[in-house]
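What you see is a predicted model, and the numbers here were worked out from it, not measured in a lab. Here is the naming used below: chain letters follow the sequence lines, and residue numbers restart at 1 for every chain. Every heavy atom of this structure was used, including side-chain atoms; hydrogens, water molecules and symmetry mates were not.
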Amino acid sequence: MIWILDLMILILVVVCALVAINVKDLLSATIIFGVYSFAMCLLWAEMGAVDVAFTEATVGAGISTILFVAAILHTSRRSKD
Amino acid sequence: MRLLQDQTAGQKLGESLIIQTAVRMLVPFIQLFGLYVIVHGHYSPGGGFQGGVILGASFVLLTLAFDQKFALKYMSEKANNMLSNAGALLFTGTATLCAICYGGMFLDYSALDKLLPLGPIAWRSFGIFVIEVGVGLAVMSISASLFWLLGSNGEMDEGL
Amino acid sequence: MSYQTSIWPLAAVLISLIGSIPIMLSDRNPNLRESWTILIALGKVVIVASLLPTVLAGGGFEFTIVEVIPGVPLALRVDAMGMFFALVASILWFFTSVYSIGYMRALNEHAQTRYYASFAVAISATLGVAFSANLLTLYLFYEMLSLSTYPLVTHHQDAEARQSGRKYLTYILGTSIGLALPAMLIVYSLAGTLDFKIGGILSGTGASSQTLALVLVLFLFGFAKSGLMPFHGWLPAAMVAPTPVSSFLHGVAVVKVGVFSILRVIFHIFGPEQLLAVNLGWVITTLASITILVASLIALTQDNLKRRLAYSTIGQLSYMILGAGMLTAVGMTGGLLHIAMHAFGKITLFFCAGAIFVASGKKYISQMDGLGRRMPITYLAFMFGSISIIGMPPLGGFISKWNLVLGAVSSDQMILLVVLLTSTLLNAAYFLPIVYRGFFAESSDPVFDEGIKEAPLFCLIPLSVTACASLALFFYPDIFLRLARLALFP
Amino acid sequence: MKVLALFATLMTGAILLYGTMDFPAFGDPQSPAATHLATYFTENAVRETHVPNLVTAVLGDYRGYDTMFETVVIYCAGLAVVSVLRKKKPSAPENKS
Amino acid sequence: MDQIAALIIAKYNYWIYVTLMMIGFYAMIGKRNLVKKLIGLNIFQTAIILMFVSAGVKKGAKIPILDKHHVMEHGVNVADIVNPVPHVLMLTAIVVAVSVTGVALAILLRIYREYGTLEEDEILEKLGQ
Amino acid sequence: MSTSNLHVYVMAAPLLTAFFVNLVGRVSKAWIAPLTLGCLAFSSAASIIVLGRVMAYGGFSYTVGNWQAPYGIELVVDHLSAVMLVLISVVAFIATMSALKSTSQELPDQEYLFFTLYLILIAGLLGLVLTADAFNLYVLLEITSITTYGLIAMGKGRAPLASFNYIIMGSIGASFYLLGVGYLYLMTGSLNMADIAQILPTIGGGAAIATALAFMLVGLWVKMAFFPLHGWLPNAYSLAPTGAAILVAPLMTKVTIYLMVRVMFTIFSVDLLFLQNPAVQNGIVWAAALAIICASSLALAQRDLKRMLTYIIVAEVGYMVGGVWLANSTGMTGAILHIVNDALMTLCLFLAIAAILYRLGSVEFDSLQGIYRKMPITMAAFTVGAFAMIGIPPTAGFFSKWYLLLGGIEAGQWGYVVALLFSSLVNAVLFFRIIEIGYFHKDGEHHGHEKLAEAPLSMQIPLLISATALIVIGLGSGPLVEKIIKLALPVGF
């Protein structure tokens, strides 16, 4: 565990989260949320939680994002806030 | 091959022969990897849940590259439902079976030793394997069906 | 005093409750339905009367149904005080049943099955209150009575009846849940029991006099059926009900259940000695005096006969509370006796009002000039009732009022004497003109009045009987007097 | 509305931060979390279940009850989505139930 | 200064998790767009997972996959292995989160079918009509 | 420690049957009813036997998978959880009889889906009652929530929107609870409730423990719709399919209150909760009083029977939370008794609503005119339920209210006492308004009632059972309290 790397990823994660909830285009938000998940998964892998990281990679960054995309493509990409 | 031509004849935006062929080749490997993740959960990261998601992802990939009807040929809605039930039943059923066995408790795999004497600890290991398979089945079918339903807005036809 | 366990008190209470089922089932056949009603009423009188000798001999009965709260069972107990009230209620119910048949048939009222069934449930609840062994049981039957009389008040189902029903429930349920229930809870948390006990259960609990005063006031207003002002508004409103309902329930059962509950609380929860000791009698007497005077004054101004009777009732009810509040032996006896005397007098008056309405369709006093010559029996009975209520000999009301006056004297509260005398004058002022105008004034509408005859026999007989009973009670008040004495000095 | 939400968020965050004051230091091998249950699992899980992956052992056996309900959760999710979203086509014989 | 640095190193993970939780929570209750609310929900969930996983970390420890035979014969030094319990819990939590997300998205599609929008205020406006 | 598995079967029977309902039910509808009713009958019988055993031999703990308590997951069967098991399984059994009918009318194509979710929800509730593991509780909480989301979203019209709101609020609640569990885990390293309770005194309070308690409580309060956090409930329950509402409305909030009791008294000690923080305790009782008053007032504003009832449910939550936090044994007895009674009262009223909806299709006040004439038995049972809600003896509602009020007086919490009385009065107004509309409005004022008939027998029977139960439990509340509830009080009372 390298705490500087850890901290950098953490900051990336926070930035991604902020962007994901603030960007007006929902599709972008979703993709950024995917990035967020992936960064999280990196973080956990680096913390020694391999199983959690694996799951987050398949679920959070994979299935979850895909479900979001599928839903957004059937509704609207626009968001007022 | 004929199917492929049909597909390309009614080609929509984003469907390309290269991708479709690549996906066709890739899908068995993905599924194999998914199975590996489930089975090898005892020794490496992974297990029923992760493997199940990977298996489900293979169907998602098929749907994305072709369309939903094509993917449904591999696993129909009915089969999907059966599999999810089977997976969940495998887990809960095993758990209850342990309780039914004389002197056993709920989810106490070592109690299954009375059915087939392999040794209590071996049964624990094997029991974990059985339930991982159950989880895998359920997760695979449901992650696929979640995507299909959301992707086709509940119509189960063309998909995205 | 020893109580023997017996199922009969329960039978006395339940006979009419269970009897409401055959009444409901014989919806299609009015004759059968009314036969049931009479039969049940008769059965009830017989059961209650059969319990009487033991009670007069100083005994009593007890029956525990089930223990619902630790230390507080649902239990029935027949003691002298309960017997006193039960006797009045069951006898008068019998007459009211007969009267109802005449009245309801003559006016061809709707939903008669509901009427008779509710009536049967109501009388069950009344007897339940009379025979309650503790405050919780009393409360249960008290609420049952409120609910079962609601359909009777709303009987006509028009906008006015619904409005009155709403008012009735608001007052009765509101006070019983909002005031009586917390009072009961405070008593329970102080004493750990709710059992009625001679001498009271609150003595010796070390409750402060402020707490006692609070509980007392909560109870006085909580049992709003007693019509104590300012929670009296429901009673005039409830007069939209058919007259038998007004006469029995709002002349006898419902209102006296309120008074009876208050007397129970004063005698058996607080105990007169304790009230004397902490000097709380004045709370009761003041509230009662105000109600007596104000209600009598309002009664003077009413033109609707039933409303005038209603305000008269409010005033008379407070006599009983006043008697109890004097906390002297004679006064309390007077208060208790007044339950019976007023019941017989007031029910006669209501029967007469109903008979007049059945015969002539008239509700207002100003239209009743000269009617007495057309309906002499009714008016004679009305006169008897009035005199009894005013408290003149030779009618029953005199005995109770005499006791009350003696009580006022013996408690050294001359102001109460003044209240009693003033209100007697007021009573005379609002009753006697009716009788006078009935017999001696010229009819205002002779053509219309030409065809008026006496009401049907079913109406006439009960009112004659109760009028005669009022008279008889002056000469033979023995049973009630003995019961009252037994209740107060066992 | 947004101000209220922001206020609620800040409050929650502040309380949570207040709670972290007592936490053992990050990565401390002597923290309670690392010593109580974890010790038992690390020492005994492999021997008792013959599964070298501790996570799988604990997930599948020691806390199998959790995992069972986890499977049921996702099963329910699948069903819920079907029941909420699936459009019925009256012609399709397969959908007749 | 060293103390502050030590404090930062000791607690920064928890601070970050609180920050993420606040972001998610704010999105859930403050945003008007339903999809945004859902993204907020997911961020909230991952924040909790981060907290749990952080709880399991041991400095310099290895991943919780052991060598079977080695362990059977020689036992294991607990301090060398990352705490597996939070990982187990969090696997379950992730599954729960994705299940909830799935159901919520399905319901979102239904809402869109009905109202044609995913903005809370616009939906309320339509309901008001 | 016990090796008897019966209480697990109580939970496992509906769970396993759910899968079969899904498999078989999609082929033939005829199988759904016997399967569902059969497994719930089994659960009810088994839970009654479990209660009998607990009363005879005392409570016991059970370890799933035969792993010792803090390592494996522990189930606890004591008096309280046995009572809850019986309550849930019996209420579910009664509700199902009616739900089968209304579902076949409302959701003819989705019956098998509906009942699969329905059974899993019941299994989840039963599991919640049994578990003694803080994290397992979270998972089960999510199971009940996710099935409820699905069930509610199957409703018509605005139901999906209500369901989405519920998802957001429910997830916040569950996440807060999980945060609390996380804090406790970080501080103690354990997840077993009893084990945490043993370790906590060695830590002796502090910021993290207080935060954990606060977050667990707030999380559960969101789930149980404690007043300012109740926003999701009225819409969700009133828009859900009728079959779901008659199961969810009586059980969901009550089970969550049970969980609050469990969490508060199994994990934290009475000393920590009440004695060290009298101001907090006081404040929560006042909040409960406020909740009761506000929710009752909101109920007054409703013009739809179902919505009105949902606000009453919110008010009742205030009753029980207040009762638990009164911190005396009378209040606690009242709260636990009220869990039982309120479940039955709500069941009775919702069953009546289901019957009315089945025939009439609407429970708006205006459409109820003259309903007593057409559906006398349904409305008679409704009236009994209404009396219980108001708290008129001898119905069950009076007696639990009695204990709650008595507890309030003993604790000197006059605000709470006044709030309870106020709410009883409001309930009286609410229900007599309906009785007046349904009974005393003249016939013929409303059209469309010509063909209205009494509900089918399969809806009347559960209704009559529940109405009778209200009176029987009311009359039997003495023995019930003495023999069971007193023993079910948490340690420290």
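- Between B:Asn85 and D:Tyr75, some side-chain heavy-atom pair lies under the 4.5 Å cut-off.
- Inter-residue side-chain proximity for B:Phe91 and D:Thr67 is flagged as met; some heavy-atom pair is nearer than 4.5 Å.
- Shown here is D:Met21, whose CE atom has more than 12 heavy atoms of other residues, nucleotides or ligands within 6.0 Å.
- A pairwise comparison of heavy atoms in B:Glu77 and D:Arg86 identifies OE2-NE, 2.7 Å as the closest pair.
- Neither the backbone nor the side chain of B:Phe126 has a heavy atom closer than 4.5 Å to any heavy atom of chain D.
- When heavy atoms are compared at a cutoff of 4.5 Å, D:Thr49 approaches chain B by way of both its backbone and its side chain.
- For B:Ile121 against D:Arg47, the heavy-atom pair with the smallest separation is CD1-O, 3.6 Å.
- Interface remark: D:Val81 contributes backbone and side-chain atoms alike to the contact with chain B (heavy atom separation under 4.5 Å).
- Nearest approach of D:Gly60 to B:Tyr109, heavy atoms of both residues: O-OH, 2.7 Å.
- With a 4.5 angstrom heavy-atom cutoff, B:Ser141 does not touch chain D via any of its atoms.
- Only the side chain of B:Phe106 comes within contact range of chain D, judged by heavy atoms closer than 4.5 Å.
- In this structure, the portions of D:Val82 lying under 4.5 Å from any heavy atom of chain B include both its backbone and its side chain.
- Pairing each heavy atom of B:Glu132 with each of D:Thr56, the nearest pair is OE2-CG2, 3.0 Å.
- Interface remark: B:Ile131 contributes side-chain atoms only to the contact with chain D (heavy atom separation under 4.5 Å).
- The 12-atom threshold is not exceeded at CD1 of B:Ile18, counting heavy atoms of other residues, nucleotides or ligands nearer than 6.0 Å.
- Your options are B:Ser143, B:Pro120, B:Gly41, and the one with the most heavy-atom pairs under 4.5 Å with chain D is B:Gly41.
- Of the listed residues (B:Thr94, B:Leu146, B:Leu149), the greatest number of heavy-atom pairs within a distance under 4.5 Å of chain D belongs to B:Leu149.
- Within the 4.5 Å cutoff, no side-chain heavy atoms of D:Leu59 are placed close to those of B:Phe49.
- The OG1 atom of B:Thr96 sits 7.0 Å away from atom CE of D:Met68, with the distance rounded to the nearest 0.5 Å.
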